[in-house]
Protein chains: 2
Amino acid sequence: MSASPPRKRRKEARPSELTSAALALFVEKGFAATRLEDIASRAGVSKGTLYLYFESKEALFKAVIQEGILPVVAENEAIAAGHAGSSFELLEKLLAHWWSRIGQNDFSGIPKLMVAEARNFPEVARFYFENVIRRVKALVGKTLEHGMASGEFRDLNITTTTDVIIAPILMLLIWRHSMACCQNDEVDAPLYLQTHMALLRQGLCRTQV
Amino acid sequence: MSASPPRKRRKEARPSELTSAALALFVEKGFAATRLEDIASRAGVSKGTLYLYFESKEALFKAVIQEGILPVVAENEAIAAGHAGSSFELLEKLLAHWWSRIGQNDFSGIPKLMVAEARNFPEVARFYFENVIRRVKALVGKTLEHGMASGEFRDLNITTTTDVIIAPILMLLIWRHSMACCQNDEVDAPLYLQTHMALLRQGLCRTQV
DNA sequence: ATTGTTAATGACTATTCGGTCATTAAACTT
DNA sequence: AAGTTTAATGACCGAATAGTCATTAACAAT
């Protein structure tokens with residue numbers, strides 16, 4: 001009885017609508033537990049349509065991971081290249097930009113997704129590692145080196161300190177897409193990041209501010 | 001032709017052997033992508049045997065999560081209760097104990113597993129939150145309060161600082177079970193933890209050591 | 001040895017879901 | 001208006017797997 005809704009032909013918009021729907025469901029349920037029909041229906045198309053744009057479920061997963069974060073990494077590299085003030089100020093700038101571009105939208109789910117599926121998709125994990133993680137670490141590491149050279153920071157082990165600085169930021173994103181549902185009062189992200197940076201200021205800097 | 005190996009009847013040992021096998025595979029592949037037959041075969045039994053001890057795959061998951069970490073939380077509570085020295089020394093003791101009991105064995109995979117599956121098993125996530133996370137946070141939070149009261153630490157927002165302190169430790173465990181396979185040279189865990197604590201000493205304490 | 005109890009097995013079932021393809025219809029061409 | 005192209009559909013297929021159960025055999029009791 002019910003007339004089926006009219007088909008629309010929108011070849012350009014479909015891929016990003018599909019990856020966006022897939023990201024949301026992969027982050028919520030994980031790769032294996034997400035059904036292609038649910039992705040398609042969330043994107044407003046049928047399962048067959050999905051296969052017009054992606055070869056397989058795994059190809060869709062790769063597209064999801066490769067889509068969102070790369071531009072933001074490049075933007076942060078540009079910020080670092082054009083920075084004038086102190087090294088700690090640069091760390092603050094990089095974090096602020098990361099948060100505004102990743103922390104507050106759907107891409108914030110990617111770290112959880114990548115962590116959960118890295119061992120099932122080593123090839124995609126490698127891509128993410130080389131093109132996101134390595135570059136972000138290099139950026140923070142260079143900033144630490146610069147701050148050490150100028151006497152702003154104490155003597156630090158660069159690579160390890162970099163890891164320790166990044167960890168709470170990643171953990172915040174992961175938390176918000178996993179255990180956060182158990183808390184009644186969710187984490188206050190701005191306060192969390194501000195606390196992290198305050199600890200770092202005292203922890204990294206040679207002279208107290 | 002090949003004689004099947006003799007069956008052994010070991011009712012006592014089976015459950016823990018099954019949860020141990022399940023933990024390893026759940027951490028590696030995720031819950032949905034792990035096959036019950038693989039768990040059974042890793043535990044040296046058939047799939048039917050698994051159902052003698054666990055009602056369903058989900059019941060097995062619950063058992064895996066509830067098994068390992070609880071005793072360690074209790075041990076750390078005892079350590080805190082009997083502690084004499086400075087508050088920072090207590091933080092170091094708690095971390096050292098956590099690392100020796102969790103960080104270096106199979107249970108180190110539980111945070112990754114729990115984070116990946118929390119939204120698929122909200123009931124289990126709630127159990128973990130109430131019985132592990134909340135108690136560990138309370139322990140760290142009390143230590144911070146004590147250190148603030150005695151003048152050892154600066155003025156701190158307790159709950160948020162607690163989150164920021166715990167995050168790098170969790171992230172280390174998660175990393176080792178996910179993206180670590182992409183690195184050629186793996187993270188030096190003792191150095192990482194030592195760096196974290198060194199940053200914290202400077203970041204938390206009022207007087208420099 | 002014989003018998004009873006129950007731990008262990010693995011063939012089997014029912015269902016789910018990734019992937020295919022013949023058909024339909026939207027939009028464009030002439 | 002008729003014809004052409006191709007985006008979109010959804011019924012269908014085959015493989016994979018969670019869960020069952022009749023059968024087997026290890027061990028204990030006698």
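Chain naming here is simple, since letters A, B, ... match the order of the sequence lines and numbering starts at 1 in each. For clarity, every value in this text was computed on a predicted model and none was experimentally measured.
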Within the 4.0 Å limit for protein heavy atoms, which parts of nucleotides 11-19 of chain D are touched? Write it as a string from 5' to 3', B for base, S for sugar-phosphate only, - for none.
------SBB
Determine, for nucleotides 23-30 of chain D in 5'-to-3' order, which nucleotides have protein heavy atoms under 4.0 Å from the base (write B), from only the sugar-phosphate (write S), or from neither (write -).
-BBBS---
Whole-Å distance between C/dT6 P and B/K11 NZ?
8 Å
Rounded to whole angstrom units, what separation is found between the CG atom of A/L52 and the C1' atom of C/dA26?
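Atom-to-atom, A/L52 to C/dA26, this comes out as 14 Å.
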Quick one: which residue pairs count as a side-chain hydrogen bond (donor to acceptor under 3.5 Å, both in side chains) with a foot in residues 6-16 of chain A, not counting sequence neighbours?
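Counting only pairs at least two positions apart or across chains, the side-chain hydrogen bond (donor to acceptor under 3.5 Å, both in side chains) contacts touching residues 6-16 of chain A are A/R10-A/E17.
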Remember a base hit wins even if backbone is also touched, and classify B/F54 as base, sugar-phosphate or nothing at under 4.0 Å, heavy atoms.
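B/F54: no heavy atom of the nucleic acid under 4.0 Å.
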Of all residues at least two apart in sequence or in a different chain, which pass the salt bridge (charged side-chain N to carboxylate O under 4.0 Å, His left out) check with A/E92?
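Counting only residues at least two positions away or on another chain, A/E92 forms a salt bridge (charged side-chain N to carboxylate O under 4.0 Å, His left out) with A/R201.
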Can you run down the salt bridge (Lys or Arg N to Asp or Glu O under 4.0 Å) pairs that involve [range], sequence neighbours left out, and say none if there aren't any?
range	result
residues 51-70 of chain A	A/K62-A/E123
residues 124-136 of chain B	B/E77-B/R135, B/R126-B/E130, B/E130-B/R134
residues 93-103 of chain A	A/E75-A/R101

For B/F107, enumerate each residue passing the ring-ring contact (aromatic ring centres under 6.0 Å, His included) test, keeping only those at least two apart in sequence or located in another chain.
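In terms of ring-ring contact (aromatic ring centres under 6.0 Å, His included), with neighbours along the sequence ignored, B/F107 is linked to no residue.
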Where the side chain of B/S46 is defined as all heavy atoms beyond and including C-beta, which of D/dA8, C/dT9, C/dA7 is the nearest nucleotide?
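So the nucleotide nearest the side chain must be C/dT9.
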Does a donor on one side chain and an acceptor on the other come within less than 3.5 Å for B/W175 and B/Q183?
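The answer is yes; a qualifying pair exists.
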With sequence neighbours left out, which residue pairs that include part of residues 28-54 of chain A fulfil the ring pair (Phe, Tyr, Trp, His ring centres under 6.0 Å) condition?
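Every pair satisfying ring pair (Phe, Tyr, Trp, His ring centres under 6.0 Å) with a residue in residues 28-54 of chain A: A/F26-A/F31, A/F31-A/F61, A/F31-A/F121.
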